[in-house]
Amino acid sequence: MKVTNPESSHDVAAHSGGSHLPIASPEGIPGEEFLEDARKILASGQLTNGAQVRRLEEVAAAYLEVPYCVAVSSCTAGLLLTLRALELRGEVILPSFTFHATAHGLLWNGLKPVFADCDEQTFCIDPEAVREKLSPTTAAILAVHIFGCPAAVDELEQISSSHGIPLICDAAHAFGSKVGTRRIGTYGAAEVFSLSPTKVLVAGEGGLVATRDRVLAQGLRAARNYGDVGDGDPQVLGLNARMSEFHAALGLCGFSGLEARIDRRNQIRLQYLRGLEGIPGLRFQEVPKGSRSTFKDMAVLVDPIAFGASRDWLVAFLQERGIEARRYFWPPVHRQKLYHRVWDRRPLPITDRVSNGILDLPIYSGLRDEDVSRVCEALLDAHRLAQQIRDSARAGAQDTETPARRPFAPMAAPRQGRV
Ligand SMILES: *Cc1c(COP(=O)(O)O)cnc(C)c1O
């Protein structure tokens with residue numbers, strides 16, 4: 001998926017020292033051998049919700065060490081249908097520092113989102129903030145394993161059981177994450193994974209709901225099929241949220257080499273930590289001791305004062321160097337148009353701070369050591385340039401020569417990245 005045009009790479013190299021580095025690249029994608037699977041599916045005459053989907057559910061359940069896995073068309077649909085199948089009414093506590101789709105299932109179900117602040121270190125929902133937001137009408141807690149870092153699931157399960165409300169996890173980033181030896185996928189009432197192209201296990205499109213609850217699994221199997229269990233007389237309002245056989249077959253291919261890819265992402269993250277260690281004003285997401293993250297994203301928090309420039313300036317600087325960096329998640333959900341009007345106006349200071357400083361750097365298992373070094377060098381150069389600009393501004397330099405003359409529009413809004 002890399003740009004390897006030898007003609008253009010020379011030009012690009014002159015400016016940036018290499019080819020374009022995307023933020024993410026789809027992983028575990030088969031080659032031509034997939035055409036054999038596709039042929040078999042076509043010959044079987046069953047194009048959706050058939051043998052491949054059942055196999056994917058079995059393989060995923062075995063991997064996650066969870067009794068039931070229900071394949072759906074997306075994580076968004078899985079969350080929406082899980083909330084529906086649990087017949088929730090009232091408020092749901094969730095983080096605002098997440099992808100907006102986490103919250104969409106609530107609005108589709110007429111549930112009220114109540115945002116809780118995140119933890120300064122892990123960027124995941126803070127259990128203490130959840131406790132503060134509990135009310136008599138709280139119907140559930142919806143946690144998110146941000147960038148693959150497990151949320152504080154043990155504590156959240158305690159809160160959930162002592163209040164008699166379900167815990168649901170948006171595990172879109174966390175296929176392969178663990179707390180100790182226990183897999184993400186085994187917590188709460190259900191955990192919902194995404195198999196879309198930027199995630200760790202890729203099916204093109206798709207989602208998986210993992211649950212230990214047999215009745216919920218049955219409900220979801222009906223719900224993904226219009227709510228129809230086969231008698232043409234639905235009891236629950238469902239959707240067509242089935243997974244096609246082709247997507248399931250692609251997802252199955254992704255299991256080979258999955259552990260090695262997650263290990264590689266962990267190595268890349270360590271290389272980033274070492275490479276960026278000396279640069280002031282950069283901080284990293286912390287993963288609790290004993291937990292394993294997939295590092296679906298490599299998140300850096302930029303402190304503009306200590307670093308010398310704003311996060312947005314840095315995004316534009318990296319873009320100039322052919323390095324795609326993204327502000328993910330910004331703006332936080334409570335400041336987005338859809339949610340600003342339902343936000344209860346109680347402040348979320350940590351969410352705002354993290355969201356305003358967040359920057360995601362390229363990470364995918366095919367990223368080479370020298371690519372990581374190149375990104376680290378670019379960040380160091382950016383810091384030095386920012387220092388020079390600041391120093392010469394302090395010295396009252398008015399001239400438009402070096403170095404105060406900026407190499408690009410510092411306020412240029414970076415283009416929105418992919419999901
Ligand atoms: C990608 C993502 C989703 C949505 O997943 P889809 O499979 O595309 O519906 C939900 N939540 C988070 C945190 C995500 O990153």
Side-chain angles (χ1 to χ4, degrees), residues 1-34 147-149 173-177 196-202 250 253-279 282-285 287 292-302 314-328 358-384 414-415 417-419:
M1 304 288 146
K2 224 161 275 166
V3 182
T4 48
N5 180 346
E7 306 251 307
S8 67
S9 69
H10 181 76
D11 279 357
V12 175
H15 296 289
S16 62
S19 58
H20 175 73
L21 287 183
I23 185 114
S25 178
E27 308 217 324
I29 304 300
E32 296 270 306
E33 69 271 22
F34 182 71
F147 310 140
C149 172
H173 300 172
F175 200 95
S177 295
S196 66
T198 59
K199 307 294 159 73
V200 182
L201 180 69
V202 175
L250 197 54
C253 293
F255 280 89
S256 93
L258 175 63
E259 292 303 293
R261 292 199 303 274
I262 297 170
D263 287 345
R264 174 66 189 144
R265 285 169 171 273
N266 275 265
Q267 273 176 5
I268 291 170
R269 182 254 189 166
L270 288 177
Q271 197 191 336
Y272 269 127
L273 295 195
R274 284 194 298 270
L276 300 173
E277 166 176 75
I279 306 178
L282 298 183
R283 189 158 78 68
F284 306 93
Q285 182 188 30
V287 176
R292 178 210 212 190
S293 173
T294 55
F295 289 103
K296 187 255 167 206
D297 291 288
M298 175 67 214
V300 179
L301 209 61
V302 183
L314 187 51
V315 170
F317 181 94
L318 292 172
Q319 198 168 299
E320 281 282 305
R321 294 277 187 110
I323 298 164
E324 187 184 6
R326 236 180 13 178
R327 305 170 295 180
Y328 191 60
I358 203 79
L359 180 73
D360 291 293
L361 301 176
I363 190 165
Y364 41 93
S365 57
L367 196 67
R368 301 164 308 170
D369 289 356
E370 57 261 43
D371 298 328
V372 179
S373 301
R374 194 180 124 204
V375 178
C376 294
E377 277 162 28
L379 281 157
L380 184 59
D381 287 349
H383 167 64
R384 289 191 179 130
R415 70 185 167 86
R418 287 168 298 163
V419 173

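Here Leu276 contributes atom CG and Phe284 contributes atom CZ; the two are 4.5 Å apart, rounded to the nearest 0.5 Å. How far OH of Tyr328 is from CG of Leu359: 14.0 Å, rounded to the nearest 0.5 Å. The NZ atom of Lys296 sits 13.5 Å away from atom CD1 of Ile262, with the distance rounded to the nearest 0.5 Å. Between the OH atom of Tyr364 and the CZ atom of Arg261 there is a distance of 15.0 Å, given to the nearest 0.5 Å. Interatomic distance, CG of Leu379 versus OH of Tyr272, reported as 8.0 Å (0.5 Å rounding). Note that CG of Asp297 is 6.5 Å distant from CD1 of Ile23, once rounded to the nearest 0.5 Å.
Distance alone, capped at 3.5 Å, places no donor-acceptor pair between the Arg374 side chain and the Ile323 backbone. At least one donor-acceptor pair closer than 3.5 Å links the side chain of Arg264 to the backbone N or O of Leu367. Counting only distance, with no hydrogens or angles, the side chain of Ser177 and the backbone of Gly148 share a donor-acceptor pair below 3.5 Å. Although no hydrogens or angles enter the test, the distance criterion places a donor-acceptor pair under 3.5 Å between the side chain of Glu27 and the main chain of Ser365.
Evaluation of the side-chain contact (heavy atoms from CB on, under 4.5 Å) rule for Ile363 yields Arg265, Ile268, Phe295, Met298 as partners, not counting sequence neighbours. For Arg269, there are no side-chain hydrogen bond (donor to acceptor under 3.5 Å, both in side chains) partners two or more places apart in sequence or in a different chain. With sequence neighbours excluded, the residues forming a side-chain contact (heavy atoms from CB on, under 4.5 Å) with Asp263 are Arg292, listed by chain and number. Listed by chain and residue number, Tyr63, Phe175 satisfy the ring-ring contact (aromatic ring centres under 6.0 Å, His included) test with Phe255 (two or more places apart in sequence, or in another chain). In this structure, Asn266 has no side-chain hydrogen bond (donor to acceptor under 3.5 Å, both in side chains) partners at least two apart in sequence or on a different chain. Take Arg283 and apply the salt bridge (Lys or Arg N to Asp or Glu O under 4.0 Å) test, not counting sequence neighbours, and it matches Glu120. Under the side-chain hydrogen bond (donor to acceptor under 3.5 Å, both in side chains) criterion, Ser256 pairs with no residue, sequence neighbours left out. Remark: Glu32 engages no residue in a salt bridge (Lys or Arg N to Asp or Glu O under 4.0 Å) (not counting sequence neighbours).
The shortest non-hydrogen separation linking Val315 to Ala325 is CG1-O, 3.8 Å. Taking each heavy atom of Pro30 and Cys253 in turn, the nearest pair found is CG-SG, 3.7 Å. What you find for Val287 and Ser293 is that their closest heavy atoms are CG2-CB, 3.9 Å. In plain terms, the two heavy atoms of Ile279 and Cys376 that are nearest each other are CD1-O, 4.3 Å. The heavy-atom pair separating Leu314 from Ala382 by the smallest distance is CD1-CB, 3.5 Å.
Between the side chains of Gln271 and Arg274, not a single donor N or O lies within less than 3.5 Å of an accepting N or O.
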